[in-house]
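Only one structure is covered here, and it is reproduced in the block below.
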Number of protein chains: 2
Amino acid sequence: MSKEITIYDIAKELDVSPTTVSRALNDHPAVNKNTKQRIFDAASSMGYRSNLFASNLRSKRTNTIGVIVPMLNSHFQSSVIAGMEKVANQEGYNLIISQSLGAAEKEIANAKTMFNSRVDGLLVSLAHNTGDTSHFDPFFQKGVPVIFYDRIAEHQQGIGIVIDNMQAAYKATTHLIEQGCTRIAHISGSPKINVYAERLKGYKYALIDHNLPFDESYVLAGSKLNEEAGIEAARQILRMDPMPDGIFVSNDTCAASCIKALKQAGKSVPEDIAVVGFNNDSICGIVEPSLSTVDYPGYEMGEVAVRSLLNLINGVSDAHITNTITLRSELIVRESSTRKAFAARSAADAETQKKVLY
Amino acid sequence: MSKEITIYDIAKELDVSPTTVSRALNDHPAVNKNTKQRIFDAASSMGYRSNLFASNLRSKRTNTIGVIVPMLNSHFQSSVIAGMEKVANQEGYNLIISQSLGAAEKEIANAKTMFNSRVDGLLVSLAHNTGDTSHFDPFFQKGVPVIFYDRIAEHQQGIGIVIDNMQAAYKATTHLIEQGCTRIAHISGSPKINVYAERLKGYKYALIDHNLPFDESYVLAGSKLNEEAGIEAARQILRMDPMPDGIFVSNDTCAASCIKALKQAGKSVPEDIAVVGFNNDSICGIVEPSLSTVDYPGYEMGEVAVRSLLNLINGVSDAHITNTITLRSELIVRESSTRKAFAARSAADAETQKKVLY
DNA sequence: TTGTAAGCGTTATCAG
DNA sequence: CTGATAACGCTTACAA
């Protein structure tokens with residue numbers, strides 16, 4: 001284990017003070033350009049690397065951002081994290097990532113770890129079953145900024161970053177209506193989670209605005225939107241009388257397995273039942289028929305989240321003023337919802353619809 | 001921002017020395033049980049939290065493990081990380097995770113960041129196009145242990161953790177042969193990556209051991225095994241004459257899109273062509289027919305990786321002795337490779353096969 | 001533009 | 001079993 005070079009070593013070598021070295025390395029303006037260059041050269045030739053811990057200890061900053069995420073293995077979440085990482089890297093921050101795996105319990109433990117690691121800020125997408133968010137109170141008490149994204153708390157402190165789930169659901173449902181569907185079911189997740197509650201609203205309002213009845217019994221709300229949930233939902237839908245001719249599902253995985261189950265029961269998609277999912281996961285292109293869905297701007301959300309957090313950390317903005325940042329999302333139409341007979345009409349309607357929406 | 005409590009505050013409060021407080025908090029054996037308890041109580045009632053940076057600075061350990069991964073959004077990689085996180089948490093380590101997104105360039109940058117962050121150890125699954133691994137040399141020079149997993153380097157320093165890709169591929173191919181396939185194609189990734197090279201070998205040996213010809217033209221090696229690659233592979237396979245009656249694909253996503261393309265061309269799976277994938281991604285259950293595949297023990301691999309790394313960090317084991325750790329994998333048979341006519345024979349053969357294999 | 005000196009909060013060392 | 005003291009490597013008033 002070779003000895004670590006410190007700013008003292010560089011200082012001695014160049015016969016300047018450690019302070020000057022420190023300043024030069026931090027690109028402080030009040031250091032002679034020449035000296036700065038000499039110091040940089042010496043640093044690199046001597047194999048110096050800065051000691052973050054000494055620096056953190058002294059400056060009381062960690063240059064680390066904590067991320068708590070339900071799970072990493074979705075197209076959406078990994079895009080978000082990619083976006084976060086990009087900006088964080090640019091600005092010289094590290095990301096400590098932990099998964100709550102959907103369990104509030106693990107989320108609480110992770111929050112504690114992040115707190116003890118003294119992250120400069122925290123980015124959180126809540127677990128499925130997180131009831132209260134008091135485990136984030138220590139951060140608020142210490143003035144460590146916390147930003148919730150995607151799955152945000154109902155009455156939260158801190159900023160929330162979301163897409164307009166209601167609008168997205170409204171668009172998706174309207175699209176089904178334009179395709180000629182009149183009995184549209186909705187498969188939703190836990191109504192306790194904001195995203196599902198908002199999507200349910202969008203679904204409901206779209207129906208109402210197009211003079212279709214909103215029927216509670218057409219809404220299937222489970223807790224987890226996984227493969228099993230899709231199969232179970234299909235079972236229930238097949239039993240409905242009259243059977244729905246369209247489904248808006250709040251999650252692609254669930255939509256995909258639901259489609260599979262419906263097909264196995266002899267129904268054809270989109271002819272008998274048109275389906276729209278949510279997330280634009282990679283399975284969308286693989287399932288048959290390919291799945292119409294809502295594309296989340298995950299990468300952008302990650303970028304915005306980190307940028308906003310850095311503003312809070314640096315005192316540039318104030319969490320008491322900004323409260324929610326809303327990003328746009330986009331409906332992607334594929335085969336699972338495209339009924340040939342309605343295609344022409346649909347295109348015309350889309351124009352009209354835009355005026356209604358905005 | 002309330003004032004942070006330090007061990008000095010606790011020491012003053014209880015009229016002991018800071019040293020004793022430090023020792024107690026670290027559960028040092030040479031501290032009176034009673035004193036220890038008093039210190040613990042005071043610490044929690046005063047709202048003390050340890051300052052990792054001071055501790056790291058002094059002890060020259062960071063309690064942080066760096067993870068560099070190609071991408072997070074696969075069933076396999078996220079399982080690995082879940083396993084890593086579990087063990088790391090248990091042992092009081094944090095995980096800093098970064099994605100190389102398959103680009104060697106980003107991997108190099110990430111390695112540098114990890115180095116400057118002074119991680120105690122590094123876990124790496126190499127990017128697609130990583131040629132040489134000299135960007136990890138600084139770690140070796142400083143004696144920071146590095147463990148490669150899954151995608152390991154050809155002539156690497158440090159320990160490698162892998163599954164027996166050759167054996168897994170051998171099993172998968174043998175399974176296809178047992179189902180009556182005689183012309184089996186193989187869709188592979190870059191032969192520069194160990195996992196694909198090994199799987200190709202397993203495929204080849206299985207053919208040879210069962211007296212089937214190994215034909216280079218039946219091997220389609222692309223660089224990325226994504227959806228497009230599956231479609232392109234299907235195109236090529238459809239042009240082959242005679243057309244293969246089985247395909248072993250080194251990746252599920254690619255296998256799924258390949259199946260879709262084959263079906264669109266009027267071929268039926270598994271009747272015309274049986275298919276086996278690799279990874280046991282979540283799409284396996286959703287595609288039609290459901291996809292037979294090789295299940296990687298991802299979670300275990302993560303656990304083993306961290307445990308091994310901690311042993312190296314703590315000097316319990318020695319990287320010069322252990323070189324490669326190989327984990328078992330499992331063939332999961334689903335519809336895409338099950339030909340009813342051969343089912344009975346297959347069961348009998350499986351027994352025989354075991355004797356051949358082990 | 002540069003330097004001096006005093007910490008940041010912990011742990012290692014040595015001495016009881 | 002406990003304590004005094006000196007680092008760890010850096011930043012930041014303050015001073016020149």
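Numbers restart at 1 for each chain; the letters A, B, ... are given by sequence-line order, proteins then strands.
When heavy atoms are screened at a 4.0 angstrom cut-off, A/Thr20 is found touching the sugar-phosphate backbone but no base atom.
In this structure, the side chain to side chain contact (heavy atoms under 4.5 Å, CB included) partners of A/Glu13, at least two apart in sequence or on a different chain, are A/Met46. Take A/Gln37 and apply the side chain to side chain contact (heavy atoms under 4.5 Å, CB included) test, not counting sequence neighbours, and it matches A/Phe40, A/Asp41. Residues that satisfy the side chain to side chain contact (heavy atoms under 4.5 Å, CB included) test with B/Asp137, not counting sequence neighbours, are B/Ser134, B/Phe140, B/Gln141, B/Gln157. Partners of B/Tyr296 under the ring pair (Phe, Tyr, Trp, His ring centres under 6.0 Å) rule, at least two apart in sequence or in another chain, are B/Phe76, B/Phe278.
In the helix from C/dT1-D/dA16 to C/dG16-D/dC1, the end axes, each obtained as the rotation axis mapping the C1' atoms of four pairs onto the next four within a five-pair block, lie 30° apart to the nearest 10 degrees.
In summary, A/Glu300 and A/Arg307 do not engage in a salt bridge, as defined by a charged side-chain N under 4.0 Å from a carboxylate O. The existence of a salt bridge linking B/Lys86 and B/Glu91 is excluded, since no basic side-chain nitrogen approaches an acidic carboxylate oxygen closer than 4.0 Å.
Boundaries of the chain B contact region on DNA chain C are C/dG9 to C/dA12, first to last in 5' to 3' order (nucleotide atom under 4.0 Å from a heavy atom). The span of DNA chain D lying next to chain A, judged by atoms under 4.0 Å from heavy atoms, is bounded 5' to 3' by D/dG9 to D/dT12.
Taken residue by residue, residues 7-19 of chain A places heavy atoms nearer than 4.0 Å to DNA chain D at A/Ile7, A/Tyr8, A/Thr19. For residues 26-37 of chain B, proximity to DNA chain D is found at B/Ala30, B/Val31, B/Asn32, B/Thr35, defined as any non-hydrogen atom under 4.0 angstrom from a strand atom. Remark: B/Leu57, B/Arg58, B/Lys60 in residues 39-61 of chain B come within less than 4.0 Å of DNA chain D through at least one heavy atom.
Considering all non-hydrogen atoms of both residues, A/Lys36 and A/Asp27 come closest at NZ-OD1, 3.3 Å. The shortest non-hydrogen separation linking A/Gln99 to B/Ser78 is NE2-O, 4.0 Å. Here the closest non-hydrogen pair linking B/Ser125 and B/Asp150 is OG-CB, 4.0 Å. Closest heavy-atom contact between A/Val67 and A/Tyr149: CG1-OH, 4.1 Å.
Within the structure, the side chain to side chain donor-acceptor pair (under 3.5 Å) test picks out the following pairs touching residues 44-55 of chain B (sequence neighbours left out): B/Glu4-B/Arg49. Annotation: ring-ring contact (aromatic ring centres under 6.0 Å, His included) contacts involving residues 80-116 of chain B, sequence neighbours excluded, comprise B/Phe115-B/Phe139.
For the residue pair A/Asn56 and A/Thr62, no side-chain donor N or O sits within less than 3.5 Å of a side-chain acceptor on the partner. For B/Ser117 and A/Asn94, the side-chain atoms include at least one donor-acceptor pair closer than 3.5 Å. B/Ser17 and B/Thr20 form a side-chain donor-acceptor contact under 3.5 Å, judged by distance and modelled atom types alone.
Between A/Ile65 and A/Leu310 there is a side-chain heavy-atom pair separated by less than 4.5 Å. Residues A/Leu309 and A/Leu123 have side chains in contact (heavy-atom distance under 4.5 Å, counting atoms from C-beta outward).
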